[in-house]
Amino acid sequence: MAIPFISMAQDWHVGAFLGISNYSGDLVEQKVDLKYTRPALGILVRKDFNRYFSLRGAITYGVAAGADSTNAKTDLRQRNLSFRSRMIEFALIGELNFLDIDEKGFTPYVFAGIAGFGFDPQAKDQSGNWVRLRRLGTEGQGLPQYPDRLPYDMFTVSIPFGVGFKAILSDRWTLGFELGLRPTITDYLDDVSKTYVDQNTLLAYRGQASIDMAYRGDEVSGKLTPGTYPVDGTIRGSDKHKDWYGFTGFTITYRLGNGGNPWGRVNATRCPRF
């Protein structure tokens, strides 16, 4: 009579994630720019529904970052924008194993799910202080002159998906490695999306700090000639594609319950196989 309850407990795992975060958007030269790799970490709970399908809930912290200063294109270095955005993600993800991990001891897998994440784009001013960008409305968000530009939400949705590999270390522990991407429904992870707005309007409604952070081309040095604030409607970013981010790294999980399933031997507490 106790076997079903013991088996149920063994289908639950708790664990942690340790890896890196990356970003894809207007302020990196490539789809994934490794120069702006940042650390990521998280915690997770996983439920095995059978030998091939699992569902996990996870909370993961990471950082998105990018800067025009490392871009090969002169016009983008001249724009001179930069940012970082600390993110915290709450995800529900399904995992599909290719092999019976309890029998083989290892398996590759694919995963996909849904996530909500919070972010907060910031940039350093000329004094080296981090400035929160959303409240400055650098692209005219919330101004009556630009009714189509509403303040963007700092909590929104992404779609996690990717591939991984995991192996049983003992009757309790499982080690995994995975690469995951997250397309989002926002284009403001980096606070850059559309065009510059009128400088005087921005000054009147948002103040000098907004102008200073909307255009940084007057701060360049070296071979680049400092510029002046662009006219209203000049392209600042591209809203054709939404921003992405990704988490890559290791997972370590601990199986709950009494007893386990060491190195692929069928555990006696699980349902018999015919």
Side-chain angles (χ1 to χ4, degrees), residues 22-38 63-87 119-154 156 184 186-245:
N22 291 97
Y23 139 87
S24 178
D26 289 301
L27 295 188
V28 288
E29 184 174 9
Q30 304 169 353
K31 289 294 184 182
V32 177
D33 194 332
L34 297 180
K35 292 189 294 293
Y36 296 102
T37 297
R38 298 293 185 266
V63 180
D68 287 334
S69 58
T70 59
N71 203 297
K73 296 181 179 180
T74 301
D75 59 332
L76 293 181
R77 294 201 310 275
Q78 189 78 43
R79 183 178 62 175
N80 197 35
L81 297 176
S82 62
F83 90 106
R84 77 171 183 192
S85 192
R86 294 170 174 165
M87 303 175 295
F119 66 102
D120 185 13
Q122 303 174 335
K124 282 187 176 181
D125 62 17
Q126 294 191 61
S127 300
N129 301 313
W130 286 103
V131 177
R132 301 177 69 186
L133 299 174
R134 181 183 180 275
R135 63 181 180 82
L136 298 178
T138 54
E139 292 188 357
Q141 299 96 331
L143 299 186
Q145 291 84 351
Y146 304 92
D148 61 325
R149 302 190 184 186
L150 301 176
Y152 54 84
D153 293 327
M154 292 198 298
T156 187
T184 77
T186 183
D187 196 36
Y188 282 107
L189 187 57
D190 48 21
D191 194 61
V192 179
S193 179
K194 301 181 184 297
T195 61
Y196 291 95
V197 298
D198 180 71
Q199 181 177 2
N200 293 326
T201 301
L202 201 58
L203 178 63
Y205 283 85
R206 295 287 187 262
Q208 184 62 44
S210 181
I211 296 175
D212 293 341
M213 305 309 289
Y215 178 70
R216 313 296 298 274
D218 55 345
E219 301 174 28
V220 298
S221 59
K223 296 181 180 180
L224 296 175
T225 302
T228 57
Y229 189 96
V231 300
D232 188 6
T234 301
I235 293 175
R236 185 172 187 256
S238 172
D239 60 356
K240 292 182 179 179
H241 304 287
K242 304 299 184 183
D243 295 332
W244 289 46
Y245 66 94

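Below, each value reflects all heavy atoms present in this structure, side chains not excepted, and no hydrogens, waters or symmetry copies.
- Using a 4.5 Å cut-off on side-chain heavy atoms (C-beta onward), Val197 and Arg149 make contact.
- Residues Tyr188 and Thr156 have side chains that never bring a donor and an acceptor to within less than 3.5 angstrom of each other.
- Contact check on Asp239 versus Lys194 returns a salt bridge, with a Lys/Arg side-chain nitrogen under 4.0 Å from an Asp/Glu carboxylate oxygen.
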What do the steps show when you test Tyr245 against Ser85 for side chain to side chain donor-acceptor pair (under 3.5 Å), and what is the final call? CA-CA 11 Å; Tyr245 66 94; Ser85 192; over 6 Å; no
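- A pairwise comparison of heavy atoms in Leu224 and Arg77 identifies CD1-CB, 3.8 Å as the closest pair.
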Take Asp120 and Met154 through the test side chain to side chain contact (heavy atoms under 4.5 Å, CB included) and record every step on the way to the result. CA-CA 6 Å; Asp120 185 13; Met154 292 198 298; 3.7 Å; yes
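- Taking both residues in full, the closest heavy atoms of Asp190 and Leu27 are given as OD2-N, 4.0 Å, listed atom of the first, atom of the second, then distance.
- Proximity of Asn129 to Lys124: side-chain heavy atoms (C-beta onward) are nowhere separated by under 4.5 Å.
- Side-chain contact check for Gln122 and Arg84: at least one donor-acceptor pair (N or O, by modelled atom type) lies under 3.5 Å.
- The distance from the CG atom of Asn71 to the CG atom of Asn80 is 11.5 Å, given to the nearest 0.5 Å.
- Distance check, rounded to the nearest 0.5 Å: CD of Gln30 to OH of Tyr36 gives 11.0 Å.
- Atoms CH2 and CG, from Trp244 and Asn22 in turn, are 13.5 Å apart once rounded to the nearest 0.5 Å.
- Atom CG of Leu189 and atom CE of Met87 lie 6.0 Å apart (nearest 0.5 Å).
- For the pair Thr234/Thr195, no side-chain contact is recorded, criterion being any heavy-atom separation below 4.5 Å from C-beta on.
- The side-chain heavy atoms of Leu143 and Tyr205, taken from C-beta on, include a pair separated by under 4.5 Å.
- For the residue pair Asp212 and Glu219, the shortest heavy atom distance occurs at O-OE2, 4.0 Å.
- Glu139 contributes atom CD, which lies 8.5 Å from atom OH of Tyr152 (distance to the nearest 0.5 angstrom).
- In this structure, Phe119 has its ring center at least 6.0 angstrom away from the ring center of Tyr23.
- The heavy-atom pair separating Ser82 from Ala67 by the smallest distance is CB-CB, 3.7 Å.
- Remark: the backbone N or O of Asp243 is paired with a side-chain donor or acceptor of Thr184 at under 3.5 angstrom.
- Side-chain atoms of Asp125 do not come within 3.5 Å of backbone N or O of Met213 as any donor-acceptor pair.
- Within 6.0 Å of atom NZ in Lys31, 12 or fewer heavy atoms from other residues, nucleotides or ligands are found, so the atom counts as exposed in its surroundings.
- Tyr196 and Tyr229 have their aromatic ring centers within a separation under 6.0 angstrom.
- The shortest non-hydrogen separation linking Gly237 to Arg79 is CA-NH1, 4.1 Å.
- Test Asp232, Thr201, Asp198, Leu202 against Gln145 for side chain to side chain contact (heavy atoms under 4.5 Å, CB included) and you get one pass: Thr201.
- Residue-environment remark: CD1 (Ile235) stays at or below the threshold of 12 foreign heavy atoms within 6.0 Å.
- The pair Lys73-Asp75 does not meet the salt-bridge criterion, since no charged nitrogen lies less than 4.0 angstrom from a carboxylate oxygen.
- Within the model, atoms CZ of Arg216 and CD of Gln126 stand 6.5 Å from one another, a figure rounded to the nearest 0.5 Å.
- Residue Leu81 is tested with Leu133, Val192, Thr138 for a side chain to side chain contact (heavy atoms under 4.5 Å, CB included); the sole match is Val192.
- Of all heavy-atom pairs between Ala209 and Leu136, the closest is O-CD1, 3.9 Å.
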